Amino acid sequence: MKRLYVTLLLLGSSLSFNASAWIFIPGSLISAAIDATGVNDCPKNVITSLKDNDSLATQDQLGGVGKGWLIIHGGGKITQEQRNCFITLAGGLGSNFVAIPTAMGDNEIDMRELPSRYKKLLGVDNIAILHTRNKEDSNSDGFANPIKNANGIFIDGGRQWRLVDSYLNTEVEKQIKVALNRGAVVMGSSAGASIQSSFLVRGMPGNPKNPAGDNTVMIFPGYTTGFGLLPNSAIDQHVDARGRENDLRPVISAHPELLGVGIDQGAAIIVHQNKFYVVGGSVTIWSMAAKSMLSPIKLNSGQVYMLPASSSSSAPQTQILSEQDAKITALSPNKPQTSQAVNAIDISTLPQCQGENFQQWNNCLGTHQYPNGNTYTGEYQHGMRMGNGLIDITNKGCEVSHNCIGSSSHAQYRGSFKNDRIEGYGTWVSDDGEKYIGEFLMNLPNGKGSRITPSGTLNGQFKDGKYIGL
């Protein structure tokens, strides 16, 4: 197997003062510490507003990011203000930095030019560059060592699937999280922004016909897991510049436990504990918890947003789930749903299907009641259920062959369909009070999910409808 990995350490001039421990000092000394870094134009109100009541909790104790800091950048130009916030939060120009260019294509990565690229892009000299296309390298002894000594980590843009292929569930990802929990700052731009989320969008990988992959596909099976640095989130970028204003709408509609964060090109959010601050440009929030699905929240530079509370970084948020159940229950199970009802829960914005023969429906939104009594409302492609939809199931045995969730004869599923089957990500709710939220394949829970019953909740992996463990 051909392997390529690079760890390049660039040594340049450094300041004699190292303020890498400033984020641990009492709040009364914050301003002095910022001035001591040698970078004084990261707005002090950014730091102080996020440091209020700082309990130094760890990442998995909050809905936020714990001790450390995230700078999540929407791609495009990084402003001087954003750059200096990165340097300031890392402790100053004398601190240790790491850059990860792996999201870029091979033809874009020239190791001879990377030193000047990151000096210009980030304004720092002391930087180690980590790059590989192989998870074996990512887990090898010593490869991730530069991260262990870094106070600032930068993940560059490109295609996020390359970061998944190289680093997901490896020592590199682990050490990034360790660094975050000890107080480091992780900055990512474009693909480096999206990979920080727990649920990854635009992750479709390359193939021989399209080596770069297709980043217009929002949800691609097998590439829906990010690093989870910002728990319970889906992050999109280049929103305004690429006309992506509504692309997170169906994602959060199908994944109500998530917070959708759409970041305009050139904008950034700085995240600490359970809050974030917008620096430059605008950010759009999609949240079922905030009851803003139909009217997303628009935040501008200088505004602060409080992240939803969570008992853990991986558990579904019960308050959000109950609101989603209320939306499903509000749809009458006794009659076919109209396209207006579907639009009300944001399944699709496709045109309404025309004609009586559903087998001829294509690229449209329609409602059909099948002979077994089940009623589907959602997207059709070439006469098949394909895309997002809602099905009201009165004869569950005809829809799910075995190991179905719950024992009642009536249930509803809302989420993704493929080739006329329940496949992808969705929510199943049964009249007997049982629910499953997660990944499906061939009409059954397969993959990561949560099964919620009156006796408790199972979080982890499912196979052919059965829980197999964490």
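Sequential numbering from 1 along the given sequence is applied to the chain's residues. In this text, all values refer to a predicted model and were calculated from it rather than measured experimentally. Computed from heavy atoms alone, side chains included, the values below leave out hydrogens, waters and symmetry copies.
Under the 4.5 Å side-chain criterion, counting only non-hydrogen atoms from C-beta, Leu299 is not in contact with Ile269. Using a 4.5 Å heavy-atom threshold, the side chains of Val185 and Phe86 count as touching. By the 4.5 Å heavy-atom criterion applied to side chains, Arg385 and Ile422 are not counted as neighbours. With a 4.5 Å cut-off on side-chain heavy atoms, Asn419 and Met386 count as touching. Within the 4.5 Å cutoff, no side-chain heavy atoms of Asp240 are placed close to those of Ser282. Between Ser450 and Asn459, some side-chain heavy-atom pair lies under the 4.5 Å cut-off. Between Phe227 and Leu180, the closest side-chain pair of non-hydrogen atoms is not below 4.5 Å. You'll find the side chain of Thr225 reaches within 4.5 Å of the side chain of Leu168, heavy atoms only.
Every residue meeting the side-chain contact (heavy atoms from CB on, under 4.5 Å) condition with Gln175, not counting sequence neighbours, appears here in chain and number order: Ala144, Ile147, Lys148, Glu171, Val178. By the side-chain contact (heavy atoms from CB on, under 4.5 Å) test, Leu441 pairs with Glu423, Asn446, sequence neighbours left out. Taking Phe154 as the reference, nothing meets the ring-ring contact (aromatic ring centres under 6.0 Å, His included) condition, with sequence neighbours excluded. Looking at residues two or more places apart in sequence or on another chain, you find a side-chain contact (heavy atoms from CB on, under 4.5 Å) between Thr224 and Phe199, Ile219, Glu439.
Without hydrogens or angle criteria, Ser253 side chain to Arg249 main chain gives no donor-acceptor distance under 3.5 Å. At distances below 3.5 Å, not a single donor-acceptor pair connects side-chain atoms of Lys435 with backbone N or O atoms of Thr427. Proximity of a side-chain donor or acceptor of Thr170 to a complementary backbone N or O of Tyr167 within less than 3.5 Å is detected. A donor-acceptor pair under 3.5 Å is formed between the side chain of Ser138 and the backbone N or O of Ser166. One N or O on the side chain of Arg83 and one on the backbone of Leu121 form a donor-acceptor pair closer than 3.5 Å. His73 places a side-chain N or O within donor-acceptor distance of the main-chain N or O of Gly75, the cut-off being under 3.5 Å. Remark: side-chain polar atoms of Gln160 are not paired, donor with acceptor, to backbone N or O of Ala193 under 3.5 angstrom. Panel note: side chain Thr132, backbone Asn134; a donor-acceptor pair is recorded below 3.5 Å. A donor-acceptor contact shorter than 3.5 Å is absent between the side chain of Ser194 and the backbone of Ala191. No donor-acceptor pair closer than 3.5 Å links the side chain of Asp264 to the backbone N or O of Gly281.
The minimum heavy-atom distance between Ser190 and Gly157, with the atom names listed, is CB-CA, 3.9 Å. Lys135 and Val164 get closest at one heavy-atom pair: CE-O, 3.2 Å. Minimum heavy-atom separation, Lys67 to Asn181: CD-O, 2.7 Å. Residues Phe97 and Ala90 share a closest heavy-atom pair of CE2-CB, 3.5 Å. Contact record, Ala267 with Ile263: O-CG2, 3.5 Å, taken as the closest heavy-atom pair. Closest non-hydrogen pair, Asn126 versus Ser95, comes out as CB-O, 3.7 Å.
Distance check: Ile155 CD1 to Ile71 CD1 gives 12.0 Å after rounding to the nearest 0.5 Å. To the nearest 0.5 Å, atom CG of residue Leu114 and atom OG of residue Ser116 are 8.0 Å apart. Considering OG of Ser189 and CD1 of Ile72, their distance stands at 11.5 Å, rounded to 0.5 Å. The distance from the CD atom of Gln303 to the OH atom of Tyr277 is 9.5 Å, given to the nearest 0.5 Å. Note that the CG atom of Leu93 and the CG atom of Asn84 stand 8.0 Å from one another [nearest 0.5 Å]. Between atom CG of residue Leu258 and atom CD1 of residue Ile252 there is a gap of 5.0 Å, rounded to the nearest 0.5 Å.
Ion pairing between Lys466 and Asp464 fails under the 4.0 Å rule for side-chain N and carboxylate O.
With Phe440 as the partner, the ring pair (Phe, Tyr, Trp, His ring centres under 6.0 Å) test is satisfied by one option alone out of Tyr425, Phe417, Tyr413: Tyr413. Checking Phe462, Trp428, Tyr467 one by one against Tyr436, the ring pair (Phe, Tyr, Trp, His ring centres under 6.0 Å) holds for a single residue, Phe462.
When only modelled atom types and interatomic distance are considered, Ser198 and Asn232 share no side-chain donor-acceptor pair under 3.5 Å.
The list of side chain to side chain donor-acceptor pair (under 3.5 Å) pairs with a residue in residues 199-214, not counting sequence neighbours, reads Arg202-Asp236, Arg202-Asp247, Asp214-Thr216. Under the salt bridge (charged side-chain N to carboxylate O under 4.0 Å, His left out) criterion, the residue pairs touching residues 154-167 are Arg117-Asp156, with sequence neighbours excluded.
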> Can you check side chain to side chain donor-acceptor pair (under 3.5 Å) on Gln237 and Arg242, steps first, answer last?
Replying inline: CA-CA 9 Å; Gln237 15 75 12; Arg242 300 184 182 178; 5.0 Å; no
>> Determine whether Val201 and His255 satisfy the following criterion, side chain to side chain contact (heavy atoms under 4.5 Å, CB included), listing intermediate values before the conclusion.
In response: CA-CA 12 Å; Val201 298; His255 300 234; over 6 Å; no
> What's the verdict on side chain to side chain contact (heavy atoms under 4.5 Å, CB included) for Phe220 and Asn215, showing C-alpha distance, side-chain angles and the deciding distance?
Replying inline: CA-CA 10 Å; Phe220 190 83; Asn215 67 359; over 6 Å; no
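Counting non-hydrogen atoms of other residues, nucleotides and ligands closer than 6.0 Å to NZ of Lys77 gives a total of 12 or fewer. No more than 12 heavy atoms of other residues, nucleotides or ligands shown are found within 6.0 angstrom of NZ on Lys418.
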